[in-house]
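All heavy atoms count here, side chains included; hydrogens, waters and symmetry mates do not.
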Amino acid sequence: MTALGFLYPGHSAEDDYPRIEQLLGSDIRLDVVRTETGEDTHRVEALRAMGTPEQLAPAVAELRLSGTETVVWACTGGSFVLGWEGAREQVRALARAAGTPASATSLGFAHALREVGVRRVAVGATYPDDVAGLFTDFLRAAGAEVVAVHGADVAAAEVGAWGEAELFALARSADDPSAEALLLPDTALHTAAHLPALEKELGKPVLTASQVTVWEALRLADRRVNAPALGALFAREPLVQV
């Protein structure tokens with residue numbers, strides 16, 4: 001059994017993780033512990049406050065007791081707002097506190113782009129323009145070329161209530177013909193049930209926050225799982241076939 005730990009902010013799309021666990025169909029356990037978020041907003045200062053060591057400490061302690069092998073901070077905005085080096089320092093502190101390898105969804109996006117072999121991307125963000133701009137800066141620091149950004153200032157609670165229609169509308173609005181992949185970075189979006197349909201609709205890889213977060217935890221644990229129901233990111237030749 002490979003046990004993976006996730007620090008998830010508040011209540012929005014945390015139910016994507018049991019769905020992903022089922023789709024993996026293997027000896028993999030996804031342990032999700034919710035963290036306190038404070039203000040439900042995508043303001044930069046609020047996002048910074050979500051991911052401080054003090055804010056995450058109670059959830060980290062809970063994951064330590066569960067015996068997880070890796071820990072991922074499942075909040076894209078609560079990491080990339082710190083910038084590339086700030087995000088790396090954040091996960092180094094998280095690893096020290098957890099006593100395991102650690103990462104964050106934002107860094108997972110950078111690693112996932114290399115995995116699927118793309119550089120030019122479009123972004124469909126549920127953030128205000130200034131926060132979407134910080135994600136663009138983060139991706140460029142990671143070596144990506146951002147060819148289009150579509151932003152919408154929507155609170156996490158509202159995003160978490162979106163269904164298939166809203167998700168596909170965001171994806172279509174954000175896509176660009178020159179992009180090799182589409183990124184949907186908000187961990188409040190429910191995407192796990194829609195990945196093959198999104199990729200068929202757009203004709204390219206679609207990387208979403210919950211999908212990337214789980215993939216990043218598996219990468220830290222040196223596990224690869226072939227699970228096409230989770231999109232192109234999970235359709236690579238696995239190290240461990242299930």
Side-chain angles (χ1 to χ4, degrees), residues 2 4 6 13 16-26 28 30 70 72 74 76 80 103-126 135-136 138-140 142-150 162 164-242:
T2 299
L4 309 175
F6 304 91
D16 258 9
Y17 292 85
R19 179 184 291 273
I20 292 174
E21 183 179 85
Q22 184 178 32
L23 291 172
L24 290 174
S26 183
I28 296 169
L30 307 185
T70 65
V72 178
T76 321
F80 71 69
S103 190
T105 305
S106 59
L107 293 167
F109 272 105
H111 298 145
L113 287 174
R114 290 195 284 271
E115 175 72 8
V116 298
V118 304
R119 184 169 177 272
R120 294 191 311 278
V121 302
V123 174
T126 54
F135 186 53
T136 298
F138 183 90
L139 292 171
R140 287 174 175 153
E145 179 185 349
V146 181
V147 297
V149 180
H150 175 80
W162 280 10
E164 182 179 34
E166 293 88 349
L167 175 65
F168 274 70
L170 174 66
R172 293 188 194 101
S173 297
D175 189 31
D176 185 276
S178 68
E180 299 170 297
L182 174 68
L183 277 54
L184 301 176
D186 196 343
T187 55
L189 277 170
H190 287 90
T191 62
H194 307 292
L195 286 158
L198 280 168
E199 293 189 337
K200 182 178 180 180
E201 171 83 10
L202 300 181
K204 64 188 63 175
V206 177
L207 301 180
T208 75
S210 58
Q211 167 215 43
V212 163
T213 300
V214 173
W215 178 86
E216 179 73 350
L218 287 164
R219 186 190 68 82
L220 291 176
D222 290 326
R223 289 290 306 267
R224 288 181 185 264
V225 177
N226 190 294
L230 291 170
L233 181 61
F234 279 84
R236 316 294 287 180
E237 184 66 26
L239 298 177
V240 179
Q241 180 68 54
V242 297

How many angstroms lie between [atom1] in [X] and [atom2] in [Y], if you round to the nearest 0.5 Å?
| X | Y | atom1 | atom2 | result |
| --- | --- | --- | --- | --- |
| Leu4 | Leu220 | CG | CG | 9.0 Å |
| Gln211 | Thr191 | CD | OG1 | 6.5 Å |
| Leu189 | Asp16 | CG | CG | 9.0 Å |
| Arg224 | Arg219 | CZ | CZ | 9.0 Å |
| Phe234 | Leu195 | CZ | CG | 9.0 Å |
| Leu198 | Phe168 | CG | CZ | 4.0 Å |

Can you sort out the partners of Thr187 under side-chain hydrogen bond (donor to acceptor under 3.5 Å, both in side chains), two or more places apart, ordered by chain and number?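 Residues passing side-chain hydrogen bond (donor to acceptor under 3.5 Å, both in side chains) with Thr187: none at all.
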Could you walk me through whether Glu145 and Arg120 satisfy the salt bridge (charged side-chain N to carboxylate O under 4.0 Å, His left out) test, starting with their C-alpha distance in whole Å, then the side-chain angles of each, then the deciding distance to 0.1 Å, before giving a yes or no? CA-CA 5 Å; Glu145 179 185 349; Arg120 294 191 311 278; 5.0 Å; no
Do side-chain atoms of Asp176 reach the backbone of Val147 as a donor and acceptor pair under 3.5 angstrom?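 Side chain of Asp176 to backbone of Val147: no pair is present.
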Report yes or no: does Thr105 contribute a side-chain atom to a donor-acceptor pair with the main-chain N or O of Thr213 at less than 3.5 Å?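 Looks like no, no N/O pair under 3.5 Å.
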For atom CD of Gln22, is the number of surrounding heavy atoms from other residues, nucleotides or ligands below 6.0 Å larger than 12?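 No - once you tally the heavy atoms of other residues, nucleotides and ligands closer than 6.0 Å, there are 12 at most.
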Does Glu180 form a salt bridge (charged side-chain N to carboxylate O under 4.0 Å, His left out) with Lys204? I'd like the steps, not just the answer. CA-CA 6 Å; Glu180 299 170 297; Lys204 64 188 63 175; over 6 Å; no
Shortest non-hydrogen contact from Pro196 toward Ala229: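 Smallest heavy-atom distance, with atoms named: CD-O, 3.3 Å.
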Salt bridge (charged side-chain N to carboxylate O under 4.0 Å, His left out) with Arg19: which residues, sequence neighbours excluded?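 Result, salt bridge (charged side-chain N to carboxylate O under 4.0 Å, His left out) vs Arg19: none returned.
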Working note: Arg114 + Arg119, criterion side-chain contact (heavy atoms from CB on, under 4.5 Å); need CA distance, chi angles, decisive distance, verdict. CA-CA 8 Å; Arg114 290 195 284 271; Arg119 184 169 177 272; over 6 Å; no
Using the six-membered ring wherever Trp is involved, compare the ring planes of Phe80 and Phe135 and label them parallel, tilted or perpendicular (cut-offs 30° and 60°).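 The arrangement is tilted - the two ring planes meet at 30° to 60°.
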